[in-house]
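Each remark here refers to the structure printed beneath this line.
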Amino acid sequence: MRLGRSRQSSNIEDRRRNGPRAGRAGIGLGTIVLALVALYFGVDPAVVLQMADQGTSPQAPATQTTGAPTDAQGQFVSRVLGETEDTWRTIFNEQTNGRYRDATLVLYRGATPTACGTGQSAMGPFYCPADTRVYIDLAFFDQMASQMNAPGQFAQAYVIAHEIGHHVQHQLGTLERINRQRAAASTTQANRLSVRLELQADCYAGVWAHHADAARQILEAGDVQAALDAASAVGDDTLQRRHQGQIVPDSFTHGSAQQRMQWFSRGLNSGQLQDCDTFSTSP
């Protein structure tokens, strides 16, 4: 991935200097599966994680800095965030009647308070619409490489772009509209609506990559495959197969590996928001 022409975003809160990591030492795939239900929809994640993380006592960050970080990992994240900001401003200007408003990205370790409840690293990266922030414990990227067979910078960029895709949904009103429908639906139907939200965020990640590459040639050989591998690695069927040895489609909340790859590719090839309507077509 080439980010030499990408500016660093200053819309970052760095809470990593907050002492020892909270909770258990590792981030288990089983815990990630348990937490997927609450990732992006304003549900307090602590409720889901109590079963897996009894005894964790997250505390409010004692110190934090704002602006582009100085370490290599932080600088990479800030450049990817800068790419999403520049790209989505252009997309909103060309394809919508609105103006794109930047999200804030929070780097943390272990656990951190959010407007959606307590965020914990076991959840993986997530977006909180209540405070328009993306939360990432960068240890997740290490896990992608070591446990999910999804290494590489563009695989990491896909994860950030997916979360920013939820921010786009929030600004377009989609997130709130679908969450209202989910609240009135059965569990199975609510899960299906969640899947469509997640697949649209994957498609939006592809739309971002399409335009960012056209403007600044950020993609290198193998980058698209790395993003597809990451999408496949976090498919519900992939995670369920690894965690429980069987697949239960009615419990999917994010979509299958094939669906996630398909919708990312659709956005990447098209570059058009209108082609990411997962709600009026079969996912």
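Worth saying up front: this structure is predicted, and the values here are computed from it rather than measured. Residue numbers run from 1 in the order of the sequence given.
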May I ask you to test the [X]-[Y] pair for a side-chain heavy-atom distance under 4.5 Å?
X    : Y    : answer
Q181 : E176 : no
C128 : Y135 : yes
Q217 : R5   : yes
P113 : T118 : no
W208 : L268 : no
N149 : D229 : no
H211 : I91  : yes
S270 : C203 : no

Is a donor on one side and an acceptor on the other found under 3.5 Å between the side chain of [X] and the backbone of [Y]?
X    : Y    : answer
R89  : R99  : no
Q259 : S256 : yes
N179 : L175 : yes
D213 : I218 : yes

Regarding [X] and [Y], do their side chains bring together a donor and an acceptor under 3.5 Å, going by distance alone?
X    : Y    : answer
H162 : D202 : yes
D131 : Y127 : no
E85  : S9   : yes
Q75  : Q8   : no
S194 : R182 : yes
E13  : T66  : no

Hey, is [X] close enough to [Y] for a salt bridge, meaning N to O under 4.0 Å?
X    : Y    : value
E198 : R196 : no
R7   : D86  : yes
R16  : D71  : yes

### Query
Can we call the ring centroids of H166 and H170 under 6.0 Å apart?
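H166 vs H170: aromatic centres not under 6.0 Å.
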### Message
Centroid separation under 6.0 Å, is that true for the rings of Y100 and H167?
### Response
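Yes, the ring centres sit under 6.0 Å apart.
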### Aromatic ring pairing Y108/F126, orientation class (parallel under 30°, perpendicular over 60°, tilted between)
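Aromatic pair Y108/F126 classed perpendicular.
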### Query
What is the ring orientation for W88 with Y204, classed by angle as parallel under 30°, tilted 30 to 60°, or perpendicular over 60°?
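Because their plane-to-plane angle is over 60°, the rings of W88 and Y204 count as perpendicular.
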Might you point out which heavy atoms bring [X] and [Y] nearest each other, and give the distance in Å?
X    : Y    : result
P151 : A226 : O-CB, 4.1 Å
I12  : S78  : CD1-CB, 3.3 Å
V207 : C276 : CG2-SG, 3.7 Å

### Task
Step by step, work out the side-chain contact (heavy atoms from CB on, under 4.5 Å) result for R266 and D275.
CA-CA 7 Å; R266 183 167 182 167; D275 291 330; 4.2 Å; yes
#### Entry: Pair T87-T84, side-chain contact (heavy atoms from CB on, under 4.5 Å): steps then yes or no
CA-CA 5 Å; T87 301; T84 67; 5.9 Å; no
### Task
Take F76 and Q153, measure what side-chain contact (heavy atoms from CB on, under 4.5 Å) needs, and give me the verdict at the end.
CA-CA 8 Å; F76 167 76; Q153 286 190 330; 3.7 Å; yes
### Task
Tell me, with the steps shown, if D102 and T104 meet side-chain contact (heavy atoms from CB on, under 4.5 Å).
CA-CA 7 Å; D102 297 341; T104 298; over 6 Å; no
### Message
side-chain hydrogen bond (donor to acceptor under 3.5 Å, both in side chains), that's the test. Do Q200 and T278 meet it? Break it down for me.
### Response
CA-CA 6 Å; Q200 186 176 67; T278 56; 4.5 Å; no
### Task
Could you please spell out the steps behind the side-chain hydrogen bond (donor to acceptor under 3.5 Å, both in side chains) verdict for D277 and S280?
CA-CA 6 Å; D277 185 2; S280 55; 2.4 Å; yes
